[in-house]
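Lettering of chains follows the sequences in order, A, B, ..., and the numbering in each one begins at 1.
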Amino acid sequence: MSIHIRLPDGALKSFEAGISVREVAASLGSGVKKNGLAAKVDGVLVDLSHRLHRDADVEIVMPDSPEALGLYRHSAAHLTAQAIKRLYGGKAVKLGIGPVIEDGFYYDVDVEQPLSADDLGKIEREMERIVAENWPIERREVSREEALRRFEEAEEPLKLELIRDLPEDAVLSIYEQGEFADLCRGPHVPSTGRLRAFKLMSVAGAYWRGDSNNKMLQRLYGTAFASKPELDDHIARLEEAKKRDHRKIGKEQELFLFSEEAPGMPFYLPNGMTIRNELEQFSRQMLAEHDYEEVRTPFMMNRRLWEESGHWEHYHENMYFSEVDDVPFALKPMNCPGHMLIFKNRIRSYRELPIRLAEFGQVHRHEYSGALSGMMRVRTFCQDDAHLFVRPDQIEEEIGRTIDLIDRMYKVFGFEYKIELSTRPEQSMGAEELWEQAENALRSVLVERGVPFRLNEGDGAFYGPKIDFHIRDAIKRSWQCGTIQLDFQMPEKFELSYVDESNRKARPVVIHRAVYGSIDRFVGILTEHYAGAFPIWLSPVQATVLPVSDKFAEYAVRTKKQLRSAGIRADADLRDEKLGYKIREAQLRKTPYMLIVGEQEEKAGTASVRKRGEGDVGRYGLDEVQAMMLEDIRLKV
RNA sequence: GCUGAUGUAGCUCAGCUGGUAGAGCAACGCAUUCGUAAUGCGUAGGUCGGGGGUUCGAAUCCCUUCAUCAGCACCA
């Protein structure tokens, strides 16, 4: 019996039924035969050894196909496991799982001996050896019984656990390469010799099955590519990202510091404070345009309040406490209870709603020591927080307005962001119907506006579902910044009410929202986003005046003063150094404008302008340069 | 919190198997008065994260503690 195979270009070819993909590939020319890695049969990825029994669309996966990367990485993970087993003893190494991840792969192993960075080189060399041996990688489908027997013999308790947890009807397959075998769904590249470009990156602990109650295994991270140049490129990108690290730039540019005396609590240096202040000022301007009112609430309030709000029950592990005069206090981890008290301060009419209370609220949250990370994860930070008290009929419009506000502000920074909708978590409070109503409200706003979003099941706040805005940092870690949270619980807890049209008490709904999220984290993200070259409106020093020599110091100072009186953050570098030296330094500090002044400039009342990223742009009158800068600042470019 | 690594001058880092700490940059001083990414010479600067121990002797070995980093777990 013959079958028809349709190729991606639409061509139809006939083969005997039962022919392998490998043979189909071979019929397509020597290049495909030699370099084919796997195939997509009717859209499903399979090994070259896969046999075809009926008509199908077949596409051979070549090294440059989008699917190839996953194959290389998955096979490289097996290669890693095989090498470790060879080096540390087949039965001394218990295999966990070895999946492909965004930039590579990892393999979790249970080995007595802690693996160090030095061991990685050793393992890599063994991997190279296995590549040189060029073992075919072969798939075998096995019965559950056979799988259990094999991994029992191999003394692989973790694999046995995985097999036992697979559904009854699951097809089990084992991939073998030389003496090594692994339970795996596949597919893989056809032989170890195909792996030409891989590298082990790091080793770290990871709990078995992601549960901190389980044993901690050792996780080897690695990456693999189709070719060496692509691998080198990837490594170069990682190094580039490291240069953007906000901790490094924060130190170099004197933005902020951390002290052992206050772990996870940033100190702002004058430069960093300037950036923060600009961010706040921008935010205040936006708040004014969107009819918010700014308030401020105490850092510390009686524990009673937190019991009332539910924070004590749901959040107290992350809170800081203090007791003075036998009165128990808690440092606020959130601003909401304070804002509830403000709302309750007097009777509210339905005509007043929505009431939008904003606060640059400093909160304290006790994070686990291991979670701290520069400005990205701290124990005290300032939220650009606000609570919108709305009538039920205003919910959707208000959420829409908030999305607009966030989008508008992010555009100024040129941020790409992703939206997530997070639903009810396990640890939460309130009735099922209210949650459902809240989740539906958020979802329908997103759907109506046609914004793409990802559903994040069970990741909501304990008091309500939320829409989160995620931004990526230099090393591709994603951080939640903006958030819109719908809350029917706090109004209940605090018995909030307003007087409605028919003079009856009605319950408002609260929307929690933040744009920057944590201003501190946002400063960190911006630092990496701009690689320290902040746009002029944020730049701590907007212009440096550089006299060619001491003789023009007086004119330099005059120039600086003029710019300052126009509201520009200008400095003059009067040190007894050569011009080239001062330019180099200002350049390294990423100063947006350098004004060079010498004899000709002084005579003409001008300055030679050097713009960051452009270099020397010529001579301008001082008023002209000043206008240029003010325009850039105003436009936030 | 867990696993592993790291902590030496303001910064970046060197210091082999234990013999009493060094470089570059920065700072300061002097000379130089300079035209678009580093002028030269000189000076000063450290109880080697903290505590304890082993030793004749510890930056180096051991214990403990703190902080930081990578990752895991956590992230209302």
Side-chain angles (χ1 to χ4, degrees), chain A residues 101 106 108 113-119 201-221 242 245 247-248 251-252 254 257-264 309-311 313-319 333-334 336 363 365-374 376-379 422 425-429 459-466 468 475 477 479-480 483 485 487 489 512 517-518 521 546-553 575-589 594-601 608-610 615-619:
Chain A
I101 50 172
Y106 66 77
D108 282 349
Q113 177 191 348
L115 300 173
S116 70
D118 294 343
D119 294 313
M201 309 299 290
S202 62
V203 57
Y207 297 109
W208 169 236
R209 308 193 109 182
D211 185 339
S212 58
N213 296 312
N214 287 342
K215 183 169 187 182
M216 184 163 268
L217 309 179
Q218 299 194 65
R219 176 171 294 178
L220 287 111
Y221 283 92
K242 253 192 186 160
D245 191 313
R247 288 167 294 200
K248 184 176 146 71
K251 203 178 271 185
E252 287 166 357
E254 299 189 19
L257 68 82
F258 286 92
S259 159
E260 279 197 25
E261 307 305 331
S309 68
H311 286 85
E313 190 187 338
H314 295 278
Y315 203 65
H316 102 273
E317 297 218 326
N318 287 294
M319 291 170 66
M334 297 184 204
C336 14
V363 295
R365 301 180 179 183
H366 184 267
E367 301 285 352
Y368 285 122
S369 57
L372 301 178
S373 174
M376 302 307 197
R377 197 76 180 274
V378 290
R379 285 180 172 154
S422 298
E426 276 177 36
Q427 270 273 326
S428 60
M429 60 189 210
D459 203 38
F462 70 79
Y463 46 74
K466 54 179 186 165
D468 286 332
I475 50 177
R477 287 181 297 201
W479 300 101
Q480 189 224 96
T483 186
Q485 311 178 350
D487 183 357
Q489 313 299 333
H512 308 242
S518 147
R521 171 185 291 176
L546 308 178
V548 169
S549 82
D550 254 3
K551 287 185 202 154
F552 316 105
R575 290 174 306 170
D576 181 16
E577 293 289 350
K578 291 173 91 165
L579 181 60
Y581 180 89
K582 296 189 204 177
I583 287 174
R584 178 184 151 82
E585 191 151 291
Q587 193 90 11
L588 291 174
R589 291 182 145 260
M594 283 179 237
L595 305 190
I596 293 149
V597 294
E599 194 178 348
Q600 291 140 59
E601 288 81 0
S608 285
V609 179
R610 240 185 109 98
D616 194 349
V617 295
R619 232 172 255 152

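At the phosphate of G4(B), neither OP1 nor OP2 sits under 4.0 Å from any side-chain N or O atom of Ser116(A). Taking only side-chain nitrogens and oxygens, Arg584(A) never comes nearer than 4.0 Å to OP1 or OP2 of U36(B). Residue Arg521(A) places none of its side-chain N or O atoms closer than 4.0 Å to OP1 or OP2 of C75(B). Taking 4.0 angstrom as the limit, Lys551(A) places a side-chain polar atom (N or O) nearer than this to OP1 or OP2 of C34(B).
Among the atoms of the strands shown, only primed sugar atoms or phosphate atoms (P, OP1, OP2) are found under 4.0 Å from some heavy atom of Gly580(A). Across all strands shown, Gln480(A) has no heavy atoms under 4.0 Å from either base or sugar-phosphate atoms. Within 4.0 Å of Glu317(A), counting heavy atoms only, lies no atom of the nucleic acid at all. Residue contacts for Gly310(A): at a heavy-atom cut-off of 4.0 Å it reaches no nucleic acid atom on any strand shown. Looking at heavy-atom distances under 4.0 Å, Tyr463(A) makes contact with sugar-phosphate atoms alone, never a base. Base contact: Ser549(A) has a heavy atom under 4.0 Å from a base atom. Residue Arg219(A) is in sugar-phosphate contact alone, with no base atom involved, counting any heavy-atom pair closer than 4.0 Å across all strands shown. When heavy atoms are screened at a 4.0 angstrom cut-off, Glu601(A) is found touching base atoms of the nucleic acid. Residue-level contact check: Gly374(A) touches the backbone only, with heavy atoms under 4.0 Å from sugar-phosphate atoms and none from bases. As judged by a 4.0 angstrom heavy-atom cut-off over every strand, Leu588(A) is placed among the base-contacting residues.
Side-chain atoms of Arg379(A) come within 3.5 Å of backbone N or O of Glu367(A) as a donor-acceptor pair. Of the possible donor and acceptor atoms, none in the side chain of Gln485(A) sits under 3.5 Å from a partner among the backbone N and O of Ala461(A). With hydrogens and angles ignored, the 3.5 Å screen pairs a side-chain donor or acceptor of Asp119(A) with a backbone N or O of Ser116(A).
Distance from the side chain of Gln587(A) is smallest for A37(B) among the nucleotides C72(B), G35(B), A37(B). Among the nucleotides G35(B), C72(B), C74(B), the one closest to the side chain of Leu579(A) is G35(B).
Residue whose closest nucleotide on RNA chain B sits further toward the 5' end, between Ser202(A) and Asn318(A): Ser202(A). If you find the closest nucleotide of RNA chain B to Tyr368(A) and to Ala204(A), the one lying nearer the 5' end belongs to Tyr368(A).
With sequence neighbours left out, Ser518(A) forms a side-chain contact (heavy atoms from CB on, under 4.5 Å) with Phe381(A), Asp520(A), Arg521(A). For the salt bridge (charged side-chain N to carboxylate O under 4.0 Å, His left out) test, residues two or more places apart in sequence or in another chain that qualify with Glu252(A) are Lys248(A).
With hydrogens and angles ignored, a donor-acceptor pair under 3.5 angstrom links the side chain of Tyr207(A) to the base of G1(B). Contact annotation: side chain of Arg209(A) to base of C72(B), donor-acceptor pair absent below 3.5 Å.
With C1' as the reference atom, C63(B) and A58(B) are 15 Å apart, rounded to whole Å. A distance of about 24 Å separates the C1' atoms of C16(B) and G49(B), rounded to the whole Å. Spacing between C30(B) and A14(B) at atom C1', rounded to whole Å, works out to 30 Å. Nucleotides G18(B) and A73(B) are separated by 41 Å at their P atoms, to the nearest Å. Here the separation of A59(B) from G46(B), taken at their C1' atoms, is 11 Å to the nearest Å. Across the C1' atoms, G71(B) and G57(B) are found 40 Å apart, a figure rounded to whole Å. As rounded to the nearest Å, A9(B) and C13(B) have C1' atoms that lie 11 Å from one another. Taking atom C1' in both A5(B) and U39(B), one finds a spacing of 43 Å when rounded to whole Å.
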Name the pairs: protein N/O against N/O of nucleotides 11-13 of chain B, kept only if under 3.5 Å.
from: U12(B); atom 1: OP1; to: Lys251(A); atom 2: NZ; distance (Å): 3.4

Any protein N or O atoms within reach of nucleotides 25-31 of chain B? Criterion: under 3.5 Å, listing atom names and distances.
from: A26(B); atom 1: OP1; to: Tyr581(A); atom 2: OH; distance (Å): 2.6

Check the interface with nucleotides 63-66 of chain B: list each N/O to N/O pair with the protein under 3.5 Å, or write none.
none

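Listed here is the closest heavy atom pair of Asp468(A) and Ser422(A): OD2-OG, 3.9 Å. Here the shortest heavy-atom pairing between Pro425(A) and Gly460(A) reads CG-O, 3.3 Å. When every heavy atom of Ser608(A) is checked against every heavy atom of Glu601(A), the shortest pair comes out as OG-OE2, 2.7 Å. Residues Pro263(A) and Leu372(A) approach most closely at C-CD1, 4.3 Å, considering heavy atoms.
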Checklist entry - Should Asp211(A) and Arg209(A) be marked as a salt bridge (charged side-chain N to carboxylate O under 4.0 Å, His left out) after you check the CA-CA gap, both sets of side-chain angles, and the distance that decides it? => result CA-CA 6 Å; Asp211(A) 185 339; Arg209(A) 308 193 109 182; over 6 Å; no
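Here C74(B) presents its P atom at 11 Å from CD of Glu426(A), a figure rounded to the nearest Å. The distance from atom CE of Met216(A) to atom C1' of C74(B) is 12 Å, rounded to the nearest whole Å.
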Checklist outcome for this item: Symbol by symbol from the 5' end, with Watson-Crick or G-U pairs under 3.5 Å, [ ] crossing and | another strand, RNA chain B is (((((((..((((.....[..)))).(((((.......))))).....(((((..]....))))))))))))....
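For Arg219(A), the CZ atom sits in a packed shell: over 12 heavy atoms of surrounding residues, nucleotides or ligands are nearer than 6.0 Å.
Looking at Ile596(A) and Asp616(A), their side chains never come closer than 4.5 Å, going by heavy atoms from C-beta outward.
Using a 30° and 60° split on the angle between ring planes, Phe462(A) and His311(A) fall in the perpendicular class, above 60°.
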